[in-house]
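Structure first, then comments.
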Amino acid sequence: MFLVGLTGGIASGKSSVIQVFQQLGCAVIDADVIARHVVRPGCPAHQRIVEAFGTEVLLENGNINREVLGDMIFNKPDRRQLLNTITHPEICKEMVKETFKFFLRGYRYVILDIPLLFETKKLLKYMKHTVVVYCDRDTQLARLMQRNSLNCKDAEARIEAQLPLKDKACMANHILDNSGEWSITKRQVILLHAELERSLEYLPLRLGVLTGLAGIVSLLYLLTHYLLPSL
Ligand SMILES: CC(C)(COP(=O)(O)OP(=O)(O)OC[C@H]1O[C@@H](n2cnc3c(N)ncnc32)[C@H](O)[C@@H]1O)[C@@H](O)C(=O)NCCC(=O)NCCS
Ligand SMILES: Nc1ncnc2c1ncn2[C@@H]1O[C@H](COP(=O)(O)OP(=O)(O)OP(=O)(O)O)[C@@H](O)[C@H]1O
């Protein structure tokens, strides 16, 4: 089994891309979905967020007010770091659990949508492939402002809270350019899916070669240490 780390910038199109992979039958895990899950009332991260940020981050029903918390952290690196310290270990644990479940169900690779894959670097070493969903900065800003009804200043603060998307694109093995029409992006996703599926064909072959090599090494060891000295 191998892991594919999919990332990008805020509103660059990660969720839209991940939906296509899901429709194509892939196992996908979305860190943003898990991030919402681990801060439900009663979860340890919920309590720690209230202790750190105060009850003003709570809605009347006890859920976290994401808009208020977002306004508190996106402009302030130290507060953002504090929230990351609370949430990231919980998110990581859940992602490992979900990956293991897919493994048990027989999936041979899992695509993990992790917005901060290159910022935190923690999970990077486990990824066989890294994919960046890219779009140019003006497009990113416009899509973010529209989707979240944000003014330009607040949207820019959210973009600045991450590594520049161009730098992320330089670090990835695969780039999906989502600057244009959706149909163009979708075609790129279908091609990448085909490439991932093709790479599966070589997995048994590689396993066979490795087993063969291990056999030869064991035989040589036996010959040199036990059989030849006794002759
Ligand atoms: C700050 C919160 C409450 C804002 O919630 P909101 O519903 O408005 O946004 P949502 O969770 O859908 O995130 C949207 C995007 O914001 C960006 N983002 C989220 N958290 C962060 C962060 N800590 N640093 C930089 N960018 C972030 C990501 O690109 C993400 O895809 C929420 O994002 C959160 O709890 N963040 C901390 C957990 C985290 O790091 N999540 C990212 C996945 S690991
Ligand atoms: N090619 C496209 N053309 C027009 N609009 C698009 C395109 N791709 C995505 N969008 C829109 O841009 C917005 C951001 O897309 P999406 O939610 O997939 O990004 P994301 O990277 O998952 O965002 P986030 O980082 O906030 O989780 C959405 O409103 C989506 O409908």
Side-chain angles (χ1 to χ4, degrees), residues 5-22 28-40 43 45-46 48-50 52-53 56-59 63-96 98 111-124 131-150 154-165 168-169 176-189:
L6 184 137
T7 190
I10 185 164
S12 72
K14 300 178 299 294
S15 311
S16 310
V17 163
I18 214 84
Q19 263 180 30
V20 181
F21 277 117
Q22 207 160 20
V28 304
I29 297 173
D30 184 336
D32 281 339
V33 172
I34 293 180
R36 280 180 211 124
H37 201 70
V38 299
V39 299
R40 286 164 306 152
C43 296
H46 180 275
R48 292 191 58 204
I49 288 173
V50 179
F53 295 92
E56 60 263 41
V57 295
L58 288 183
L59 291 166
N63 284 329
I64 299 291
N65 187 332
R66 308 183 66 80
E67 217 181 309
V68 170
L69 187 55
D71 288 342
M72 279 185 180
I73 66 127
F74 281 115
N75 276 311
K76 301 231 165 60
D78 51 338
R79 289 191 153 208
R80 195 163 61 243
Q81 186 52 41
L82 178 59
L83 180 64
N84 291 351
T85 316
I86 296 171
T87 53
H88 287 186
E90 303 292 325
I91 297 171
C92 236
K93 257 191 269 170
E94 281 306 308
M95 283 202 298
V96 171
E98 294 290 316
I111 304 173
L112 297 110
D113 175 352
I114 309 174
L116 304 178
L117 181 68
F118 288 124
E119 282 86 350
T120 63
K121 291 197 179 82
K122 239 181 171 178
L123 297 172
L124 205 48
V131 182
V132 160
V133 182
Y134 172 83
C135 71
D136 63 76
R137 171 134 178 158
D138 289 348
T139 308
Q140 184 184 16
L141 187 65
R143 286 182 189 159
L144 178 58
M145 285 169 68
Q146 189 178 0
R147 189 195 61 186
N148 288 30
S149 310
L150 291 175
D154 287 345
E156 277 179 334
R158 286 177 189 230
I159 292 175
E160 299 308 328
Q162 302 183 343
L163 278 178
L165 196 37
K168 292 191 188 186
L176 299 170
D177 189 352
N178 187 33
S179 308
E181 279 187 22
W182 175 244
S183 59
I184 301 173
T185 307
K186 195 170 171 184
R187 218 172 307 142
Q188 296 173 59
V189 182

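Sequence positions, counted from 1, serve as the residue numbers for this chain. Because only heavy atoms are used, hydrogens play no part in the values below, and waters and symmetry mates are left out as well, while side chains stay in. As the structure lists them, so they are numbered: ligands from 1, and atoms in each ligand from 1.
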Notebook entry, point to check: So which heavy atom in the protein is nearest atom 23 (N) of ligand 1, and how far is it from that ligand atom?
Noted result: Asn84 OD1, 2.8 Å

Item checked: Side-chain touch Ile159/Leu141, heavy atoms, less than 4.5 angstrom -> yes

Notebook entry, point to check: Which protein non-hydrogen atom lies closest to atom 1 (C) of ligand 1, naming both residue and atom, and how far is it?
Noted result: Ile73 CD1, 3.7 Å

Notebook entry, point to check: Among protein heavy atoms, which lies nearest atom 19 (C) of ligand 1, and at what distance?
Noted result: Phe74 CZ, 4.0 Å

Item checked: Expected output: side-chain Asn178 to main-chain Val133 donor-acceptor under 3.5 Å -> no

Checklist line | Closest protein heavy atom (residue, atom, distance) for atom 22 (C) of ligand 1 | finding: Leu116 CD1, 3.8 Å

Next item on the list: Around atom 24 (N) of ligand 1, find the nearest protein heavy atom and jot down its residue, atom name and distance.
Entry: Arg80 CD, 3.5 Å

Next item on the list: With atom 34 (C) of ligand 1 as the reference point, say which of Leu83, Thr87, Ile114 has the nearest heavy atom.
Entry: Leu83

Notebook entry, point to check: Excluding sequence neighbours, so at least two apart, what forms salt bridge (charged side-chain N to carboxylate O under 4.0 Å, His left out) with Glu160?
Noted result: Arg137

Next item on the list: Grab the two heavy atoms, one from Ala45 and one from Val39, that are nearest each other, plus how far apart they are.
Entry: CB-CG1, 4.3 Å

Notebook entry, point to check: Can you name the residues that form a salt bridge (charged side-chain N to carboxylate O under 4.0 Å, His left out) with Lys186, not counting sequence neighbours?
Noted result: none

Note to self: Just verifying a value: how many Å separate Lys168 NZ and Glu119 CD, rounded to the nearest 0.5 Å?
What the structure shows: 3.5 Å

Margin query: For the 3.5 Å polar cut-off, considering only N or O atoms, please tell me whether Arg147 and ligand 1 meet it.
Written below: no

Item checked: Close residues, ligand 2: non-hydrogen atom nearer than 4.0 Å -> Gly9, Ile10, Ala11, Ser12, Gly13, Lys14, Ser15, Ser16, Asp32, Arg143, Arg147, Asn178, Gly180, Glu181, Trp182

Next item on the list: Within a distance under 4.0 Å of any heavy atom of Ala161, pick out the atoms of ligand 1 and give their elements.
Entry: 25 (C)

Checklist line | Atom CD of Gln146: over 12 foreign heavy atoms under 6.0 Å | finding: no

Checklist line | Check: Leu150 and Leu144 side chains under 4.5 Å, non-hydrogen atoms | finding: yes

Next item on the list: With heavy atoms of His88 as the reference, note each atom of ligand 1 found under 4.0 Å away.
Entry: 39 (C), 40 (O)

Margin query: Checking a contact table here: which protein heavy atom is nearest atom 16 (O) of ligand 1, and how many Å away?
Written below: Ile10 CD1, 3.3 Å

Next item on the list: Could you pull out all residues at least two apart from Arg158 that satisfy salt bridge (charged side-chain N to carboxylate O under 4.0 Å, His left out)?
Entry: Asp71

Next item on the list: State, yes or no, whether a side-chain contact exists between Asn65 and Glu56 at a heavy-atom distance under 4.5 Å.
Entry: no

Item checked: Heavy atoms of other groups near Glu181 CD, more than 12 under 6.0 Å -> no

Notebook entry, point to check: Considering only heavy atoms, which of Glu119, Arg66, Met95 lies nearest to atom 9 (O) of ligand 1?
Noted result: Arg66

Margin query: Quick one: does any side-chain atom of Arg40 pair with a main-chain N or O of His37 as donor and acceptor, under 3.5 Å?
Written below: yes

Check: Out of Leu123, Asp32, Ile34, Val68, whose heavy atom is nearest to atom 43 (C) of ligand 1?
Finding: Asp32

Check: Any idea which of Arg158, Met72, Arg36, Gln162 brings a heavy atom closest to atom 28 (C) of ligand 1?
Finding: Gln162

